[in-house]
J.: 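Below you'll find the structure I mean.
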Amino acid sequence: VTFNVAFNVTLQHRTALRAGEEPRCMSWQTVGTKGRWTPSGCTRVGGDTLHSICACTHFSTFAILMAIHPITESFALTVVTYVGMSVSLVCLFLTIITFLLCRSLWSVSITLHLQLSICLFA
């Protein structure tokens with residue numbers, strides 16, 4: 001629903017604004033089966049470090065987005081992610097091998113755990 005006259009929405013920030021941060025009023029726009037945040041139909045008209053006042057011309061889900069600069073990942077985080085994932089996959093593979101080779105352990109519970117492990121590995 002779009003209106004000819006804008007109405008104000010006051011949103012509270014989770015943390016106080018810091019120097020260099022520029023809050024943007026955004027609304028959720030659904031396109032088909034997907035959605036995205038868009039600034040169309042909403043503009044920031046006031047506020048302080050703890051609140052933002054947005055003038056909007058339609059009903060939607062509103063938010064203040066702060067991350068307007070690209071977020072870079074550190075090299076250490078990438079290494080930890082890949083090492084952790086590799087160790088997890090090796091352990092999961094060993095679990096599957098154990099379930100397959102130890103026939104004396106076979107039961108309905110072990111069969112379900114084996115199927116779950118194979119699904120997680122795939």
J.: Rounded to the nearest 0.5 Å, how far does OG1 of Thr98 lie from CG of Leu94?
T.: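 That separation rounds to 6.5 Å.
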J.: Report the C-alpha distance between Cys25 and Cys54 in whole Å, list the side-chain angles of each, state the deciding distance to 0.1 Å, and finish with yes or no for disulfide (SG to SG under 2.5 Å).
T.: CA-CA 6 Å; Cys25 293; Cys54 303; 1.9 Å; yes
J.: What distance separates Ile96 CD1 from Leu120 CG, expressed to the nearest 0.5 Å?
T.: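 Rounded to the nearest 0.5 Å, the CD1-CG separation comes out at 8.0 Å.
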J.: Please round to the nearest 0.5 Å and tell me the distance separating atom CG of Leu50 and atom CG of Leu17.
T.: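 Between atom CG of Leu50 and atom CG of Leu17 there are 7.5 Å.
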J.: Let me confirm one number: the CZ-NZ distance from Arg36 to Lys34, rounded to the nearest 0.5 Å.
T.: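 Arg36 CZ to Lys34 NZ: 12.5 Å, rounded to 0.5 Å.
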J.: Which heavy atom in Trp106 sits nearest to a heavy atom in Phe99, and how many Å separate them?
T.: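 Where Trp106 meets Phe99 most closely, the heavy atoms are NE1-O, 3.5 Å.
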J.: Taking a hydrophobic cluster as the set of Ile, Leu, Val, Met, Phe, Trp and Tyr residues connected by side-chain heavy atoms closer than 4.5 Å, whether directly or through intermediates, do Phe121 and Ile110 fall within one such cluster?
T.: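 Yes, because Phe121 and Ile110 connect within a single hydrophobic cluster, where side-chain heavy atoms sit under 4.5 Å apart.
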J.: Rounded at 0.5 Å granularity, tell me how far CG in Leu100 sits from OG in Ser117.
T.: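 So the CG of Leu100 and the OG of Ser117 are separated by 9.5 Å.
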J.: Using the six-membered ring wherever Trp is involved, compare the ring planes of Phe59 and Phe7 and label them parallel, tilted or perpendicular (cut-offs 30° and 60°).
T.: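 Aromatic pair Phe59/Phe7 classed tilted.
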J.: If you count the non-hydrogen atoms of other residues, nucleotides and ligands that lie under 6.0 Å from NE2 in His113, is the total more than 12?
T.: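 Not more than 12 within 6.0 Å, no.
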J.: Can you see which heavy atom on Ser27 is nearest to which on His58, and at what distance?
T.: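 Looking at all heavy atoms of both residues, the closest pair is OG-NE2, 3.1 Å.
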J.: When you measure from the side chain of Glu21 to the backbone N and O of Arg18, does any donor-acceptor pair fall under 3.5 Å?
T.: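 Yes, Glu21 side chain to Arg18 backbone: donor-acceptor pair under 3.5 Å.
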J.: Establish, from distance only, whether the side-chain atoms of Ser52 and His13 form a donor-acceptor pair under 3.5 Å.
T.: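 There is such a pair between these side chains.
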J.: Determine the interplanar angle of the Trp37 and Trp28 rings, folded into 0 to 90°, and report it as parallel if under 30°, tilted if 30 to 60°, perpendicular if over 60°.
T.: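 It falls in the perpendicular class, over 60°.
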J.: So how far is it from Phe62 CZ to Leu11 CG, rounded to the nearest 0.5 Å?
T.: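 Here the rounded value is 8.5 Å.
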J.: When hydrophobic residues are tied together by side-chain contacts of less than 4.5 Å, even through go-betweens, does Leu101 share a cluster with Leu112?
T.: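 Different clusters.
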J.: Do Ser109 and Ser107 meet the criterion of a side-chain donor-acceptor pair at a distance under 3.5 Å?
T.: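 No, no side-chain donor-acceptor pair sits under 3.5 Å.
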